[in-house]
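Positions are given from 1, in the same order as the sequence printed here. Keep in mind that the numbers below use all heavy atoms, side chains included, and drop hydrogens, waters and symmetry copies.
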Amino acid sequence: MHIIDSIDYFYLSLPEILDISDGSQDALLVRVISGEFTGWGECEASPLVTIASMISPMSHSTCKPVAVSALGEAIESPKDIYRIHEKIRRNSADLLQADHALSGIDIALWDLLGKIRQEPIYKLLGFNQAYPKVPYYSLLFDTTPEGTFKKARQAVNDGFKAVKFGWGTFGRKTLQSDIDHIVAAREGLGEDPILCVDAGMIWGSDVNNAVKRLPTLEKFNVTWLEEPFFALALDEYRELSKRSKKVKLAGGEAAHNEYIAKLMIDYAGIDYIQIDPGRIGGITSAKRVFDYVDKSNKIFVNHTFTSHLALSAALQTFAGGKRHFLCEYPGQISQLGKDLTTTHLSPNKDGEITLPEGPGLGLNPNLEKLQKYLLNVHINVNGECLYLTPPLTQ
Ligand SMILES: [Mg+2]
């Protein structure tokens, strides 16, 4: 019998965090141990807040610390993970950070189960095979159109057949500036590669501002416009989806559970649903969204902007979906993001990404390299130590 003996959290950070939209500047790594087996996961979340949610004393019966619901539980099959997942959702229903914290634990539990059963996670999820995915290189718009052009050209030279530009200056200056960047991106890529644009929620809830960009997006064959509005501006998404003839909408990275994702699919008119297992509630919730999307004519895509540990977790959840052919490939992650794993998921000779066949996630944290990023956290209340970072070891 395999019992969850311990769950620990490691706050990793670059020496300096910049006010830029790069989510790989810090990380929260989760370690779950059962006997001789260790599973790893990563939360796409503010690390310290999430550690606090793991250990904060019970506030009332549906506001319990997240980790306590998993400790001491048996883990032998996927059913055990579903049971623990449900228990955490119930016990911490009133703790807003719980979805983020659960995400890291859930991923680590799947990795742990994969190692116990000596199988990759996608097989445990019921897929017979993992189809290669076409990576779309995820890049930030440059400060100038010339810079955006160069980034696009470089991506093509590096062998990418799909590129997404986002954030940066887009939507922050004039309409003409946005047009110039889209023209530069398309010219840099050439005619064939897929081009997507991520507006990074820049228009909040202003539909008209988004509508003004549609003719250019259409003219330069942009496959999707991502996150034009705040994540739950569902009416605005719905309105824009009706007013856009050709350009599809993408979103979903901010979904914190499968119910939000379903609303974005069914009500908000999103065609490309982008799920981050590090936010939505782990591999369990992401796979549920995949199953739902797969029954429709919409497309499931991962959202990944941190490490290749997170990338593997995301790919496992839609590995068997041949129709869902694109994957977000984090192109500009920090040195911490690169150092997070000992191996990386690099494009093969056809420029596609394939999952490793190793057990669990198929790759592991680079514990040696990560030591220098580790921040020691000590949470003390009334003289009692609630949390002290343990040594980062296997
Ligand atoms: Mg995005």
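- In this structure, H181 has its ring center closer than 6.0 angstrom to the ring center of F141.
- Distance alone, capped at 3.5 Å, places no donor-acceptor pair between the R31 side chain and the D8 backbone.
- Atom OH of Y259 is surrounded by 12 or fewer heavy atoms from other residues, nucleotides or ligands within 6.0 Å.
- Note: Y329 and H308 meet the aromatic proximity criterion, with ring centroids under 6.0 Å apart.
- A salt bridge links E239 to R243: one of the charged nitrogens lies within less than 4.0 Å of a carboxylate oxygen.
- Q25 places a side-chain N or O within 3.5 Å of a backbone atom of D22 that can act as its donor or acceptor partner.
- Heavy atoms from other residues, nucleotides or ligands lying under 6.0 Å from CD of E191 number 12 at most.
- Ring centroid separation for the pair H2 and F37 comes in under the 6.0 Å cut-off.
- Remark: D291 engages K287 in a salt bridge, criterion side-chain N to carboxylate O under 4.0 Å.
- The aromatic ring centres of F160 and Y136 sit 6.0 Å or more apart.
- In plain terms, the two heavy atoms of I88 and S69 that are nearest each other are CG1-CB, 3.6 Å.
- When every heavy atom of I202 is checked against every heavy atom of G171, the shortest pair comes out as CG1-O, 3.6 Å.
- By the 4.0 Å N-to-carboxylate-O rule, K245 lies too far from E218 to be salt-bridged with it.
- The 12-atom threshold is not exceeded at CZ of R90, counting heavy atoms of other residues, nucleotides or ligands nearer than 6.0 Å.
- The distance between the ring centers of W224 and Y272 falls below 6.0 angstrom.
- When the shell of 6.0 Å around NZ of K322 is examined, it contains 12 or fewer heavy atoms from other residues, nucleotides or ligands.
- Y9 and Y387 have their aromatic ring centers within a separation under 6.0 angstrom.
- Ion pairing between a basic and an acidic side chain is recognised when a charged N comes within 4.0 Å of a carboxylate O; K212 and D178 show no such pairing.
- A donor-acceptor contact shorter than 3.5 Å is absent between the side chain of D142 and the backbone of P145.
- Although no hydrogens or angles enter the test, the distance criterion places a donor-acceptor pair under 3.5 Å between the side chain of R279 and the main chain of E253.
- Of all the heavy atoms in L355 and S312, the pair that sits closest is CD2-OG, 3.8 Å.
- Here the closest heavy-atom approach between residue A152 and residue A185 is recorded as CB-O, 3.5 Å.
- For the pair K248 (side chain) and T223 (backbone), a donor-acceptor distance under 3.5 Å is absent.
- Without hydrogens or angle criteria, S92 side chain to L95 main chain gives no donor-acceptor distance under 3.5 Å.
- Proximity of a side-chain donor or acceptor of H324 to a complementary backbone N or O of F300 within less than 3.5 Å is detected.
- Two residues are said to be in side-chain contact when any heavy atoms from C-beta on lie closer than 4.5 Å; N366 and D339 fail this criterion.
- Under the 4.0 Å criterion applied to side-chain N and carboxylate O atoms, E73 and K87 are assigned as salt-bridge partners.
- Remark: side-chain polar atoms of H344 are paired, donor with acceptor, to backbone N or O of K338 under 3.5 angstrom.
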Are S103 and E44 close enough, and set up right, to give a side chain to side chain donor-acceptor pair (under 3.5 Å), and what steps lead you there?
-> CA-CA 8 Å; S103 297; E44 228 291 43; over 6 Å; no
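- Looking only at distances, a side-chain donor or acceptor of D111 sits under 3.5 Å from a matching main-chain atom of L361.
- Not one N or O on the side chain of S138 forms a donor-acceptor pair closer than 3.5 Å with the backbone of E328.
- For E368, the CD atom is loosely surrounded, since the number of other residues' heavy atoms within 6.0 Å does not exceed 12.
- Of all heavy-atom pairs spanning R323 and K298, the tightest one is NH1-O, 2.9 Å.
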